[in-house]
A.B. asks: 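Before I ask anything, here is the structure I am working with.
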Amino acid sequence: MKHPFHLTAVWNGGRNSEGHIDAVGLKTIISIPKEMGGPGTGTNPDEMLLGASSTCYLITLAAMLERSDITPQDLTLESEAIVDVTNNVFTYERIVHKPRIVLKAGATEAELSKAELLAHKAEESCMISRAVAGNVSIETQPIIETV
């Protein structure tokens, strides 16, 4: 079964202008980030790729934990992307996901180990990670703890 997703984008002007995108669950202004010499309004492709990677990873991890009967007390994620600009060539090099999985106070060593294993396995299973494989390095640095 195939699932189509649609997005409409409008860009009026040159490099330092801004545009907007409109999809079912996403409507926002877009521009080049200030760090790259743009106006920095709204979001940008770098943040959007990081957002796609992060949300896909987090949803995949939550589903894998649920299927393993592990219910975190808290599940959060910090992610960072590194984009290299050399000789005006922009290269999206790396994404690092840092999930924090907090389990209940009585969690067993087996549950803690399984949560860490799933934190790494979720990256391999995520659709976005598979889509960028070979082009962007993706690393997972999980923190597993109890309340």
Side-chain angles (χ1 to χ4, degrees), residues 1-9 11 18-147:
M1 173 182 274
K2 302 202 186 275
H3 301 276
F5 295 89
H6 301 277
L7 180 140
T8 301
W11 188 273
E18 64 182 42
H20 64 271
I21 56 174
D22 189 341
V24 173
L26 177 65
K27 296 172 186 354
T28 189
I29 295 170
I30 57 172
S31 74
I32 295 172
K34 280 188 179 183
E35 301 84 359
M36 296 179 179
T41 54
T43 190
N44 57 70
D46 310 286
E47 289 176 342
M48 291 184 66
L49 182 56
L50 179 60
S53 179
S54 298
T55 55
C56 182
Y57 171 78
L58 189 59
I59 291 167
T60 301
L61 175 57
M64 293 175 96
L65 289 167
E66 181 179 280
R67 282 192 296 267
S68 295
D69 294 320
I70 296 175
T71 304
Q73 298 292 309
D74 197 26
L75 176 58
T76 58
L77 177 65
E78 289 186 26
S79 297
E80 178 183 50
I82 304 299
V83 176
D84 177 65
V85 182
T86 303
N87 298 325
N88 273 339
V89 175
F90 294 72
T91 304
Y92 211 105
E93 288 187 336
R94 182 171 169 226
I95 294 173
V96 179
H97 294 307
K98 298 175 184 176
R100 181 175 168 265
I101 305 170
V102 180
L103 302 180
K104 64 185 182 297
T108 66
E109 281 300 316
E111 289 173 314
L112 292 166
S113 294
K114 182 71 170 187
E116 183 165 2
L117 174 73
L118 293 174
H120 291 287
K121 191 168 178 64
E123 188 54 57
E124 300 165 12
S125 302
C126 168
M127 171 180 66
I128 302 299
S129 297
R130 290 191 327 264
V132 300
N135 293 308
V136 178
S137 169
I138 302 181
E139 182 181 333
T140 304
Q141 299 173 356
I143 297 168
I144 316 297
E145 54 192 19
T146 58
V147 186

A.B. asks: Any chance you could measure Tyr92, atom OH, to Ile82, atom CD1, to the nearest 0.5 Å?
C.D. replies: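 The CD1 atom of Ile82 is 9.0 Å from OH of Tyr92, to the nearest 0.5 Å.
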A.B. asks: Got Thr86 and Thr91 here, is their nearest side-chain heavy-atom distance under 4.5 Å?
C.D. replies: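 In short, these two side chains do not touch, never coming nearer than 4.5 Å.
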A.B. asks: Compare every heavy atom of Arg130 with every heavy atom of Ser125, then report the nearest pair and how far apart it is.
C.D. replies: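 Result for this residue pair: O-NH1, 2.5 Å.
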A.B. asks: Any side-chain heavy-atom pair from His97 and Ser54 closer than 4.5 angstrom?
C.D. replies: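 With C-beta onward as the side chain, the pair touches.
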A.B. asks: Testing the basics here: between Lys27 and Asp22, what is the closest heavy-atom pair and its distance to 0.1 Å?
C.D. replies: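 Residues Lys27 and Asp22, closest heavy atoms: NZ-OD1, 2.8 Å.
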A.B. asks: For Gln141, does the CD atom sit with more than 12 other heavy atoms under 6.0 Å from it, leaving out its own atoms?
C.D. replies: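 More than 12 heavy atoms, drawn from other residues, nucleotides or ligands, come within 6.0 Å of this atom.
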A.B. asks: Rounded to the nearest 0.5 Å, how far apart are CD1 of Ile101 and OG1 of Thr146?
C.D. replies: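 Ile101 CD1 to Thr146 OG1: 13.0 Å, rounded to 0.5 Å.
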A.B. asks: State the CG-CZ distance between Leu75 and Arg100, to the nearest 0.5 angstrom.
C.D. replies: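 Nearest 0.5 Å value for the CG-CZ distance: 10.0 Å.
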A.B. asks: Roughly how far, to the nearest 0.5 Å, is the OG1 atom of Thr140 from the CD atom of Glu116?
C.D. replies: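 One finds 10.5 Å between CD of Glu116 and OG1 of Thr140.
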A.B. asks: Please list every donor-acceptor pair under 3.5 Å in which a side-chain atom of residues 34-51 meets a protein atom from a residue at least two apart or in another chain.
C.D. replies:
{"residue": "Thr41", "atom": "OG1", "partner": "Glu18", "partner atom": "OE1", "Å": "2.6"}
{"residue": "Thr41", "atom": "OG1", "partner": "Ser31", "partner atom": "OG", "Å": "3.4"}
{"residue": "Thr43", "atom": "OG1", "partner": "Glu47", "partner atom": "OE1", "Å": "2.7"}
{"residue": "Asn44", "atom": "OD1", "partner": "Asp46", "partner atom": "N", "Å": "3.0"}
{"residue": "Asn44", "atom": "OD1", "partner": "Glu47", "partner atom": "N", "Å": "2.9"}

A.B. asks: Where is the tightest heavy-atom contact between Thr60 and Ala122, given as atom of each residue plus distance?
C.D. replies: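 Minimum heavy-atom separation between Thr60 and Ala122: CG2-O, 3.6 Å.
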A.B. asks: Looking at every non-hydrogen atom in both residues, tell me the closest pair between Lys114 and Ser68 and how far apart they are.
C.D. replies: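 Residues Lys114 and Ser68, closest heavy atoms: CE-OG, 3.5 Å.
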A.B. asks: Can you name the closest pair of heavy atoms from Ile128 and Ala52 and give their distance?
C.D. replies: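 Taking Ile128 first and Ala52 second, the nearest heavy atoms are CG1-O, 3.7 Å.
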A.B. asks: Are the side chains of Leu77 and Pro99 in touch, meaning some heavy atoms are under 4.5 Å apart?
C.D. replies: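 Side-chain contact under 4.5 Å: yes.
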A.B. asks: Quick test of your reading of the model: are Glu80 and Lys98 salt-bridged, counting only N-O distances below 4.0 Å?
C.D. replies: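 Looking at Glu80 and Lys98, the cut-off is not met.
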A.B. asks: Does Gln73 CD have over 12 foreign heavy atoms under 6.0 Å away?
C.D. replies: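 Above 12, so yes.
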A.B. asks: Rounded to the nearest 0.5 Å, how far apart are CD1 of Ile138 and CD1 of Ile95?
C.D. replies: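 Rounded to the nearest 0.5 Å, the CD1-CD1 separation comes out at 4.5 Å.
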A.B. asks: Mind checking the CD-NE2 spacing from Glu139 to His120? Nearest 0.5 Å is all I need.
C.D. replies: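 Glu139 CD to His120 NE2: 9.5 Å, rounded to 0.5 Å.
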A.B. asks: Which heavy-atom pair separates Pro4 from Lys2 by the least distance, and what is that distance?
C.D. replies: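 Looking at all heavy atoms of both residues, the closest pair is CD-O, 3.7 Å.
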A.B. asks: Check step by step if side chain to side chain contact (heavy atoms under 4.5 Å, CB included) holds for Thr71 and Leu65.
C.D. replies: CA-CA 7 Å; Thr71 304; Leu65 289 167; over 6 Å; no
